[in-house]
Enquirer: 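Following this message is one structure expressed as structure tokens.
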Amino acid sequence: MEVLYNKKDKHAIVAFAKRLEGKTLWQACGTVGMHQIGGKGNFGSLLEKHYFGYEPNSDAQPDFPEAGLELKTTPLKKHAKAGLVSKERLVLNLINYVQLTKETFADSSFWKKNSQLLLVFYLHDKEKTLLDYDIKVVGSWEFPEEDLAVIKADWETIVTKVRQGKAHELSEGDTFYLGACTKGAKGGNRRQQPFSHIQAKQRAFSLKQGYVNHILHRLTQGGRERYGTILKTQERTASVPLEEVVMERFRPFYGMEVEAIVRQIGCDLNSRAKGFYASLTKVVLGIQPDEQIDEFEKGDVVIRTVRLKPNGNAAEDISFPAFRYKELVEQSWDTSDLKEDLEKKFFFVFYKYDSSGGLYLQKAAFWNMPYTDLEEARKVWLETVRRIRRGQAHTLPKKSENRVCHVRPHARNSHDTNETPDGQLVVKKSFWLNNSYIKEIYTSLS
DNA sequence: GCATGATCATGC
DNA sequence: GCATGATCATGC
């Protein structure tokens with residue numbers, strides 16, 4: 001195939017790639033060779049072969065070595081409120097656990113391959129074949145310095161865990177922007193790790209979905225939200241770890257009553273408004289209540305506020321979105337919404353009531369679910385699916401059945417129902433983290 | 001006092 | 001109108 005661009009010139013490659021915008025694979029590549037394809041392969045490799053004219057490979061080099069540019073294609077989906085958003089994380093190169101522990105960031109396989117990305121965003125549509133997906137946005141991406149500092153720290157977190165012989169315990173929730181996501185048939189592929197005999201799931205470096213959305217917004221000037229950043233200029237310059245900065249923002253207020261915190265910061269928050277605690281968290285972090293937290297959005301960080309009773313027990317369980325019975329039984333654990341939700345990085349803010357009803361800030365900390373607890377959640381999830389299939393959607397796993405989580409109604413009222421596979425209408429339900437488990441989390445962080 | 005069921009407030 | 005995160009109500 002004739003190559004229609006200078007493969008050594010980054011700008012020429014990007015300009016050539018830009019011509020994909022508004023087209024489908026079919027339109028962009030013409031009919032040449034397309035009859036041989038018949039929809040086989042994946043979007044990325046078809047684009048490499050039939051548009052850019054090179055054979056897909058798994059080299060350590062970027063796809064355009066002379067230009068240092070790595071081509072990545074990634075799906076978008078339509079979001080009712082936000083318009084087009086990333087459908088998933090962006091999967092980068094596979095992790096070789098043995099090699100990884102011998103690398104430094106600057107000479108790492110991750111950085112050699114992915115320091116400059118050429119991104120092709122297409123709109124995924126399950127009604128279409130991939131030849132007919134609309135290519136929406138094309139652009140090149142280099143990581144700004146402030147993001148790179150976070151990504152380097154993430155990379156170090158991953159390497160450290162592997163050096164500790166814990167590659168099998170890696171989780172996406174370990175890190176902020178750069179994740180180690182499972183890759184391969186249902187996460188079933190196992191690989192050797194250098195400092196343990198336990199086989200670890202095959203994983204790849206990946207950019208969190210939130211970070212991909214950030215890239216998309218930057219390339220399109222899109223995104224209507226206002227953002228505030230936690231990291232201020234001098235902290236960025238000094239490369240202070242994000243986690244440390246967040247902890248330092250909260251520490252001065254430990255032990256203080258909420259109204260006193262509001263007074264000390266001098267902000268105008270109504271403590272009776274339902275979003276009060278969410279706003280207070282932002283204000284403590286130095287962010288306006290009407291702004292999104294830049295670093296947390298990029299890192300898919302989930303904020304949860306927890307009130308502890310005077311005896312130290314969590315006052316409430318923590319809910320996740322209601323599921324649909326018929327959809328749940330079609331999923332596998334590895335592709336389940338619950339696993340996706342539980343593997344996120346959480347930011348917990350704990351308040352505690354004293355005996356006279358005053359509420360005091362106790363602790364704020366990042367947390368992600370340990371692997372062994374995720375296995376407990378898996379059991380509950382599997383049992384839930386099993387009972388729904390048996391027509392027992394009325395009696396799903398209770399709090400007393402598992403240490404970590406349970407299933408409970410989560411609806412507008414008792415008439416707010418979903419249909420089960422056998423045609424019953426049962427009140428909408430969701431998974432909840434047990435309040436006793438939340439107390440465990442609090443204890444582990446103190 | 002807690003587990004379980006039920007429902008609310010908010011934002012889009 | 002609904003999803004989401006949060007909280008209330010009741011009975012044992």
Side-chain angles (χ1 to χ4, degrees), chain A residues 77-85 209-210 213 222-227 258 269-282 288-293 296-297 300-328 337-338 340-342 344-353 355 357 359 367 380 383-384 387 392-419 424-442:
Chain A
K77 64 180 177 184
K78 279 188 179 142
H79 189 277
K81 293 158 194 166
L84 290 181
V85 298
Q209 193 170 0
N213 277 324
R224 287 156 256 175
E225 310 290 351
R226 294 184 55 222
Y227 289 92
V258 287
L269 292 180
N270 173 11
S271 63
R272 286 170 299 281
K274 184 140 178 173
F276 171 72
Y277 297 107
S279 298
L280 186 59
T281 296
K282 287 181 184 173
Q288 302 291 323
D290 62 341
E291 290 175 333
Q292 308 281 103
I293 305 171
F296 283 13
E297 292 297 315
D300 291 334
V301 175
V302 178
I303 302 177
R304 285 287 184 280
T305 54
V306 175
R307 294 166 309 144
L308 304 168
K309 294 187 285 187
N311 66 9
N313 291 341
E316 302 289 346
D317 312 296
I318 288 178
S319 68
F320 291 94
F323 52 71
R324 290 186 171 80
Y325 300 101
K326 286 165 137 179
E327 289 176 12
L328 194 71
D337 293 336
L338 182 64
E340 183 96 25
D341 288 339
L342 293 179
K344 295 242 163 83
K345 186 181 274 299
F346 288 79
F347 183 65
F348 279 111
V349 185
F350 295 96
Y351 298 92
K352 189 171 175 180
Y353 285 107
S355 48
L359 193 56
W367 174 87
V380 174
E383 180 62 18
T384 301
R387 291 189 198 171
Q392 300 170 341
H394 287 285
T395 51
L396 297 177
K398 302 181 203 187
K399 195 187 286 196
S400 52
E401 294 180 51
N402 185 276
R403 180 175 59 84
V404 172
C405 59
H406 64 279
V407 180
R408 202 160 98 232
H410 191 167
R412 230 152 47 77
N413 55 47
S414 56
H415 304 292
D416 186 17
T417 57
N418 272 154
E419 195 179 2
Q424 305 179 67
L425 286 176
V426 179
V427 66
K428 288 179 186 169
K429 297 186 182 183
S430 73
F431 292 94
W432 301 66
L433 291 182
N434 300 351
N435 60 341
S436 52
Y437 181 65
I438 297 161
K439 185 185 183 180
E440 274 187 52
I441 295 172
Y442 173 69

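Residue numbers start from 1 in every chain, and the chains themselves are labelled A, B, ... in the order their sequence lines are given, proteins ahead of strands. Note that the structure is predicted; figures quoted are calculated from it, not measured.
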Enquirer: If we fit an axis to the first five pairs and another to the last five of the helix from B:dG1-C:dC12 to B:dC12-C:dG1, what angle do they make, to the nearest 10°?
Expert: 30°
Enquirer: Using only side-chain N and O atoms of A:K399, determine if any of them is under 4.0 Å from OP1 or OP2 of B:dA3.
Expert: yes
Enquirer: Considering every strand and a 4.0 Å limit on heavy-atom distances, what is the contact class for A:K429: base, sugar-phosphate, or nothing?
Expert: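 Here A:K429 touches no strand at all.
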Enquirer: Parallel, tilted or perpendicular, judged at 30° and 60°: which one describes the rings of A:W432 and A:H406?
Expert: parallel
Enquirer: When you look at A:K439 and A:N313, which way does the side-chain hydrogen bond (donor to acceptor under 3.5 Å, both in side chains) test go after all the steps?
Expert: CA-CA 6 Å; A:K439 185 185 183 180; A:N313 291 341; 3.0 Å; yes
Enquirer: I'd like to know if A:E419 pairs up with A:K326 as an ion pair, taking the criterion as any Lys NZ or Arg NE/NH1/NH2 lying under 4.0 Å from an Asp or Glu carboxylate oxygen.
Expert: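 Looking at A:E419 and A:K326, the cut-off is met.
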Enquirer: Over all heavy atoms of both residues, which pair between A:L396 and A:Q392 is shortest? Give the atoms and the distance, please.
Expert: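 Here A:L396 and A:Q392 meet closest at CD2-O, 3.6 Å.
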Enquirer: Could you say whether A:K309 or A:H394 is positioned toward the 5' end of DNA chain B, judged by the nucleotide with the nearest heavy atom to each?
Expert: A:K309
Enquirer: When the distance from CG of A:D341 to P of C:dA3 is rounded to whole Å, what number comes out?
Expert: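 Answer to the nearest Å: 15 Å.
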Enquirer: Using the rule given for side-chain contact (heavy atoms from CB on, under 4.5 Å), can you reason through A:Y442 versus A:V306, listing the C-alpha separation, both sets of side-chain angles and the distance that settles it, and then say yes or no?
Expert: CA-CA 9 Å; A:Y442 173 69; A:V306 175; over 6 Å; no
Enquirer: Between P on B:dG1 and CG on A:N313, what's the gap in Å once rounded to a whole number?
Expert: 11 Å
Enquirer: Assign each of A:E401 and A:H415 to its nearest nucleotide of DNA chain B by heavy atoms, then name whichever residue's nucleotide is nearer the 5' end.
Expert: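 Going by which nucleotide is closer to the 5' end, it is A:E401.
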Enquirer: Would A:F323 and A:V407 satisfy side-chain contact (heavy atoms from CB on, under 4.5 Å), going step by step from the backbone distance to the final call?
Expert: CA-CA 10 Å; A:F323 52 71; A:V407 180; 3.9 Å; yes
Enquirer: Which letter, B, S or -, goes with each nucleotide of nucleotides 5-12 of chain C from 5' to 3', with contact meaning a protein heavy atom under 4.0 Å?
Expert: BBBB----
Enquirer: Between A:S400 and B:dT4, does any side-chain N or O lie under 4.0 Å from OP1 or OP2?
Expert: yes
Enquirer: Any chance NZ of A:K78 has more than 12 other-residue heavy atoms, nucleotides or ligands included, within less than 6.0 Å?
Expert: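 Counting neighbours around NZ of A:K78, 12 or fewer heavy atoms of other residues, nucleotides or ligands fall under 6.0 Å, so no.
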Enquirer: Would A:K428 and A:D416 pass as an ion pair if we require N to O under 4.0 Å?
Expert: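 Salt bridge present between A:K428 and A:D416.
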Enquirer: Locate the shortest heavy-atom distance separating A:I438 from A:L433; write the atom from each residue and the value.
Expert: CD1-O, 3.9 Å
Enquirer: Rounded to the nearest Å, what distance is computed from the CG atom of residue A:N434 to the C1' atom of nucleotide B:dA3?
Expert: 10 Å
Enquirer: Looking only at side-chain N and O atoms, does A:K428 come under 4.0 Å of OP1 or OP2 in C:dC2?
Expert: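 No.
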Enquirer: Once you round it to whole Å, what is the distance between P of C:dC2 and CG of A:N418?
Expert: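 Between P of C:dC2 and CG of A:N418: 11 Å.
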